Number of protein chains: 2
Amino acid sequence: MSFPNYGQALFKPMKQERHEETNVNLYYFSDFERHNAEIAAFHLDRILGFRRIPPVIGRLINVIKEIKEVTTDHKLVTTFFNSPVGNTCFHGHCSYYCSTEHAVCGRPIKLEGSLAVMLPDLSLAPRHSWRSPWRRSYSRTNQAEWETNSNYCDTVKQTPPYDRGTRLVDVIDMSILDFLMSNMDRHHYETFEKFGNDTFLIHLDNGRAFGRHSKDEPSILAPLVQCCRVRRSTLLRLRLLSLPPYRLSDVMRASLSRDPLAEVAPLLTEPHLSALDRRLETVMQAIQDCLQQHQHHSDVIYDDIMDYPQA
Amino acid sequence: MSFPNYGQALFKPMKQERHEETNVNLYYFSDFERHNAEIAAFHLDRILGFRRIPPVIGRLINVIKEIKEVTTDHKLVTTFFNSPVGNTCFHGHCSYYCSTEHAVCGRPIKLEGSLAVMLPDLSLAPRHSWRSPWRRSYSRTNQAEWETNSNYCDTVKQTPPYDRGTRLVDVIDMSILDFLMSNMDRHHYETFEKFGNDTFLIHLDNGRAFGRHSKDEPSILAPLVQCCRVRRSTLLRLRLLSLPPYRLSDVMRASLSRDPLAEVAPLLTEPHLSALDRRLETVMQAIQDCLQQHQHHSDVIYDDIMDYPQA
């Protein structure tokens with residue numbers, strides 16, 4: 001979406017009600033994208049202290065005045081129609097989920113959506129896209145190597161750029177974020193090329209998180225479980241968010257309440273917030289298991305804050 | 001679906017949970033088909049005394065043993081897959097709603113479906129397909145003539161075969177059936193050619209009925225409202241089904257409870273059953289309005305049971 005004088009933002013429209021859970025028979029690569037997942041992922045990433053997801057905010061859009069009447073995409077205009085109950089809908093053109101049957105509809109013309117900050121143009125700030133070592137197969141039948149080889153992390157640890165610096169614990173941070181929000185769709189992450197290999201990761205495209213609150217997906221934690229490594233700063237933050245006064249669900253609820261769409265309805269339903277607490281316990285238990293399996297704490301804990309007293 | 005030694009039946013699989021209502025932004029021609037609508041339509045038609053829908057019964061099918069392993073359709077076999085939760089799913093090949101995203105899934109291999117009696121082969125008993133005079137436009141933008149012309153019925157009444165015999169009141173019976181079950185998809189009806197024009201109608205394809213219980217669709221009643229004609233036998237039956245001991249919802253609940261799938265879950269949820277009573281009141285009121293607009297009862301009531309005392 002382009003704004004005169006303000007540049008662009010990435011818009012994702014609402015396609016699913018907040019209380020709806022993703023159909024259990026849908027594969028992660030066939031799931032819908034959720035605008036509230038994009039927003040909630042930004043908040044969660046910030047609360048975890050990572051700050052690797054560019055800001056995302058909710059907006060109510062007037063689909064006629066702010067899209068149909070001003071777009072320069074004539075093909076998009078032809079896909080607008082009035083639904084049987086008088087809502088203004090459109091579906092655009094794309095390879096799947098773009099049809100009357102899967103239209104995006106205003107109520108009657110106001111549509112919820114997420115707007116994500118666009119990163120600087122690739123010509124100004126080229127980015128490297130890294131295939132995640134724990135990428136899924138994106139196939140109904142094939143398994144990825146990490147799903148069957150329990151020593152998979154040994155190989156990763158010897159492979160650049162995971163053989164030095166913080167890249168491995170960065171990916172493990174990412175897996176903790178993704179497990180908490182149940183995002184199975186993290187096939188790639190990005191970095192800014194100008195900063196070389198010793199730089200922070202960027203986590204784009206979180207629309208398939210928060211699909212189901214009633215189920216956890218342990219395989220997302222594979223990087224942590226298989227490598228048994230975690231940043232001390234991350235562990236400290238997770239511990240803090242396990243304590244009653246800073247409980248993750250409470251901090252998330254408070255943080256999300258500041259989004260403009262919270263006026264319409266809470267960005268995450270209570271079952272999704274409770275799932276965060278339940279999954280955080282699972283992460284803490286996984287780290288505990290690692291500590292018991294290893295003789296030295298330093299085998300597990302990557303100390304990125306040595307000047308501070310031991311956690 | 002073919003059965004060795006028993007001929008064939010028309011199978012429609014479950015695609016939607018009983019409590020789910022059709023998305024309000026979907027047009028009637030984009031709606032899913034519902035197996036329980038096929039079953040409930042058969043029961044309703046019988047309870048109304050029409051008996052114009054061939055028998056439909058519910059069945060639990062083993063999708064592996066009764067479909068995958070025995071089908072001769074090799075293309076169908078290739079669309080079988082296991083869903084993330086281990087259910088066996090398939091989608092077949094068709095022009096829309098046939099994809100992984102819209103697969104039909106067993107739990108884990110048992111699938112609910114409706115089986116409708118197949119009529120005799122068209123070579124043995126050819127049928128005539130009649131376009132309904134009150135057919136919808138099947139377009140998002142165009143309206144049918146009957147939607148804008150309030151004198152539309154005058155034209156229909158002068159057009160064969162509606163100008164004589166019972167054809168007009170047959171179509172009005174059909175509109176009452178369709179209004180009660182909120183079926184907007186009645187574009188055609190059929191007759192057996194051998195019986196000529198003075199014969200009963202056949203109402204096939206009722207899978208898009210019972211999509212929404214919270215909303216009624218008054219336009220389905222247009223034939224009754226615009227023509228102000230109704231069979232006396234139909235009126236008597238509707239009156240009976242308005243009385244507490246024979247309340248339509250109670251009779252339907254009792255009738256549907258004898259279907260094999262009622263063991264899994266009621267074929268229609270209570271809100272759908274209540275909607276039947278509410279819509280029946282609307283039909284009775286429409287007939288009452290007709291009687292008040294016309295001087296003679298016989299202008300409205302088509303007396304098909306003259307030997308019986310006046311209703």
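Since the structure is predicted, the reported quantities are computational estimates derived from the model, not experimental observations.
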Chi angles and distances behind the side-chain hydrogen bond (donor to acceptor under 3.5 Å, both in side chains) call for A/S83, B/R140: CA-CA 8 Å; A/S83 89; B/R140 289 197 310 233; over 6 Å; no
Near [X] [atom1], under 6.0 Å, is it more than 12 heavy atoms from other residues, nucleotides or ligands?
X	atom1	value
A/E20	CD	yes
B/K15	NZ	yes
B/R107	CZ	no
A/Q143	CD	yes

Interatomic spacing from OG1 in A/T100 to CZ in B/F29 - rounded to 0.5 Å: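 One finds 7.0 Å between OG1 of A/T100 and CZ of B/F29.
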Rounded distance (nearest 0.5 Å) linking atom SG of A/C89 with atom OH of B/Y27: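 If we round to the nearest 0.5 Å, A/C89:SG and B/Y27:OH are 8.0 Å apart.
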Max heavy-atom pair count under 4.5 Å with chain A, selected residue of B/A103, B/G86, B/C105, B/P84: B/P84
Plane angle bin for B/H102 and A/H102 - parallel if under 30°, tilted between 30 and 60°, otherwise perpendicular: parallel
Minimum heavy-atom distance A/N25-B/V85, with the two atoms named: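 Minimum heavy-atom contact is OD1-CG2, 3.6 Å.
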